[in-house]
Amino acid sequence: MATESPASFDPIELLGECVRRAILAIAPDADADPMISAGKRAELGDFQSNAAMPLAKRLGTNPRELASRIVAELELGDLCEPVTDKDIAGPGFINFRLRARALTTLLARLDSPALGLEPPAQPATVVVDLCGVNLAKQMHVGHLRATVIGDALARTFERLGENVIRQNHVGDWGLPIAMVTEKLRVESGAGRLDLDSLTLDDLDRLYKVAQKECAGQGKALEIVAKFDLGPKIEAELRAQHEEAMEHLAAAKRTLVALQAREPTVYAIWQKLYAITMGACIAACRRLDTRITEAASAGESSYGEELPGIVADLQARGLATESAGALVVRLDSPEDGAIAEPCIIRKSDGGYLYATTDLAAIRRRVQKLGASRVIYTVDARQSLHFRQVFAAARKAGYATRPGASEPSILEHAAFGMVLGEDGRPFKTRSGENVKLSDLLDEAVERALVPVAAKDDERAQSDTEPPLPESERRQIAEAVGIAAIKYADLSSERIKDYVFSFDRMLAFEGNTGPYLLYALVRIRSVFRKAAERGVAADESLPILITEPAEKALALELLRYPGQVRAVASALEPYKLCAYLYSLAGAYSSFYTACHVLNAESDAARNSRLRLCRLTARVLEDGLGVLGLPTVERM
RNA sequence: GCCCCCGUAGCUCAGGGGAUAGAGCAACGGAUUUCUAAUCCGUCGGUCGCAGGUUCGAAUCCUGCCGGGGGUGCCA
């Protein structure tokens, strides 16, 4: 939505307006998309318009000729160097070169407190569903992605001035939780377990035991019967099966007791909840994500709403009975032509996670007022979300009171984390890797170069080595930034290979590289302060060197890139931008000396460029949720 | 079976109708009296999975295959 804003800093927007006017002068009826982009060939121009080709196609004219007419109509003011037919290239590209004066004007506009991202007059409410831990289970790489990507998206909307509500949809309900609750009840009742000294590791272990105890042998029995493997095996399996069925029955009774808030069972469940959430919130804090217990809305919080949802859907004829279960059919084209119906109640009367998710959509849209709900959940659940979204729209749960259109429901799906062997990231024994172990290892590995670098510096420097505690702090930030950046820097949907070596490399598109770029800028300012030099913000930024120009053009792209993340729900776009900005800064830093610049004016200008770069980097890293350091 | 996603340089990834397909890593060659060389500059490297089609123009859109992954009515 390119609004006409004389104070815009964005050359693409400003140039687009000029070209749009020129096109309208030639073809008043044309849908005049100016198609401005950064110049594909830097030697020909800073920006280009590709508008002539598609327009010529529609008008049935020659594209180069049309480009020539557009050029003749162009009124660029003092934005660009004059454009002539010589700037038309190939089939009809029009190349533009920004005027040096215009560039400094635009930079000055960007250099405002908001960095070109003014909050909207009417903030929208955006709900981000993220993290998604389960009770009694350790967090692992899957939660890492759901947490890190979700928080980065939430931060993006916060930066844009929207009202963001994070929702940690905790898996705290249902039969699996009842199984482990039952297990705890039995074990503590028999005096084999002290509920007050339980750890998450204990719970994780007991969860698996409980799962196993409740797993029937139905499949195996079928096979035995089919192939007639003998009465002895069958008897053995049948005994096992019956035992499992008893465990299962007990778990189901516990589920009922839990849902009725029966005091003994509920107290055990609360313990379970407290231990899991304590560990989860600690991990989220260590990961520098803004996820608090207050931002949690567990599945259990929807429990009481489920019968009402089902009754409502049934009463309105949206849910129908099928083989004893209650389903919402979605196979008509207006529902999205989804072949598989959405099951909202099992034939035994129990509810499913689709039911809970419907209740969650209703609360988020109708009670919290979300105009957009984003689910940062792994890609394997995409069918589930297609179903639930379609069912919610059909039922009107996705529409705010008084609104004519349903809110936007989006599944920000992400791919799997793979080990370096290309298979799902697991320990050698096939277990999930504990998130906390992963973070510890990243930090330990980061400490090695941090310490080595500091030793090296201390040898040729008057300042003594940093204390161990500070080195650890730096390594913590570097390690966390490395892990988070690896998770954020490619398209969400793609699986990615988890490699400490790659993410902690200080070369290339990594978190540490970005941190280092910022460290170098901060160091310039420390040195400047030592010499009693400070940037005078009232004096102009002067762009003369190619490296200065390249840096300036990069800086101007920042606000657009943040918006691009919000519209595509793709944090990697900001990663790529910041990497490119850090690279432009490094090249500038090498080519243009700041403190020993040729003149006071140049030094001041470069200090201002450094300041602006630092502010954009800090802002962008903040949007991604990456910690920064003063030195490394 | 059906549905969804992915396939671009040796490796990790951008680009999603427009110019000679770009980065990083790896390899190789350079750069440090000066602000952090965890850096910078350069070289090398690609029948964009395959085959058709649409188009003045296709890595990009359409169809069909091939390869890999995931999902698929009563787990979450």
Side-chain angles (χ1 to χ4, degrees), chain A residues 35 37 39-41 44 48 50 52-54 56-57 62-63 89-93 95 132 134 171 173-177 299 322-327 337-348 350-354 356-357 378-384 386-387 413 415-416 418 422 424 449-450 452-453 456-457 461 478 486 489-491 493-497 499 501-502 504-510 512-513 515-517 519-528 530-531 533 547 572-573 576 579-580 582-583 585-591 593-597 606-607 610 631-632:
Chain A
M35 295 184 72
S37 59
K40 189 127 189 174
R41 295 176 63 175
L44 295 180
Q48 66 184 61
N50 296 348
M53 282 88 75
K57 191 178 202 166
N62 177 299
F93 304 103
N95 289 301
N134 301 300
W173 212 234
L175 195 54
I177 304 301
E299 292 176 337
S322 172
L326 208 56
V327 306
I338 304 168
E340 298 86 346
C342 184
I343 304 178
I344 57 168
R345 195 181 65 197
K346 297 190 281 182
S347 49
D348 69 1
Y351 304 111
L352 299 101
Y353 75 141
T356 309
D357 274 329
D378 97 81
R380 284 175 300 191
Q381 302 205 25
S382 62
L383 173 61
H384 166 71
R386 282 208 299 141
Q387 291 176 316
M416 282 188 296
L418 306 176
V450 166
K453 195 68 196 171
E456 194 185 301
R457 179 199 55 78
D461 198 307
V478 170
S489 57
S490 71
E491 258 186 296
I493 194 67
K494 296 204 170 162
D495 295 344
Y496 87 93
V497 176
S499 161
D501 287 337
R502 195 175 304 125
L504 283 163
F506 301 114
E507 304 91 27
N509 192 6
T510 66
Y513 176 86
L515 263 45
Y516 178 64
V519 159
R520 290 170 106 190
I521 307 178
R522 287 175 171 173
S523 181
V524 169
F525 283 103
R526 275 201 304 275
K527 284 286 193 302
E530 282 171 22
R531 300 188 195 181
V533 176
Y572 87 86
K573 287 175 186 284
Y579 177 60
S580 163
Y585 179 78
S586 284
S587 299
F588 156 79
Y589 181 89
T590 306
H593 213 280
V594 178
L595 296 178
N596 294 349
R606 287 176 187 168
L607 276 171
C610 288
R631 57 190 91 219
M632 63 191 275

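Letters A, B, ... mirror the listed sequences (proteins, then strands); counts begin at 1. Note that the coordinates shown come from a computational prediction; the quantities given were computed from them, not determined experimentally.
- Distance from the side chain of F506(A) is smallest to A38(B) among C35(B), A38(B), G18(B).
- If you check A37(B), C13(B), A19(B) against the side chain of K494(A), the one that comes closest is C13(B).
- When the ring pair (Phe, Tyr, Trp, His ring centres under 6.0 Å) test is applied to Y516(A), no partner is found at least two apart in sequence or on another chain.
- Look at CZ on R457(A): it is 15 Å from C1' on C35(B), rounded to the nearest Å.
- Minimum atom distance to the side chain of K527(A) is reached by U36(B), of the listed A14(B), U36(B), C40(B).
- Base contact: N95(A) has a heavy atom under 4.0 Å from a base atom.
- RNA chain B contains the following stems of three or more consecutive Watson-Crick or G-U pairs, with both distances under 3.5 Å: B:1-7 with B:66-72, B:10-13 with B:22-25, B:27-31 with B:39-43, B:49-53 with B:61-65.
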Task: Sequence-aligned protein contact record of nucleotides 69-76 of chain B, with B where the base is within under 4.0 Å of a protein heavy atom and S where only the sugar-phosphate is - done: SSSSBBSB
TODO: Dump the intermediate steps for side chain to side chain contact (heavy atoms under 4.5 Å, CB included) on F588(A) and V594(A), then the final yes or no.
DONE: CA-CA 9 Å; F588(A) 156 79; V594(A) 178; 4.3 Å; yes
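- Minimum atom distance to the side chain of R631(A) is reached by U36(B), of the listed U36(B), C6(B), A19(B).
- Comparing C6(B), C3(B), C35(B) against the side chain of I493(A) picks out C6(B) as the nearest.
- Within the 4.5 Å cutoff, the side chain of E299(A) has no heavy atoms near those of the I177(A) side chain.
- Checking U36(B), G18(B), A19(B) against the side-chain heavy atoms of K40(A) singles out A19(B) as nearest.
- S523(A) comes within 4.0 angstrom of a nucleotide base, judged by non-hydrogen atoms across all strands.
- In this structure, the nucleotide among C41(B), A19(B), G15(B) sitting nearest to the side chain of Q48(A) is A19(B).
- Residue N509(A) is in sugar-phosphate contact alone, with no base atom involved, counting any heavy-atom pair closer than 4.0 Å across all strands shown.
- With distances taken from any side-chain atom of Y579(A) to the nucleotides U12(B), C35(B), A23(B), the minimum falls on A23(B).
- Atom name C1', nucleotides G7(B) and U60(B): the rounded distance is 14 Å, in whole Å.
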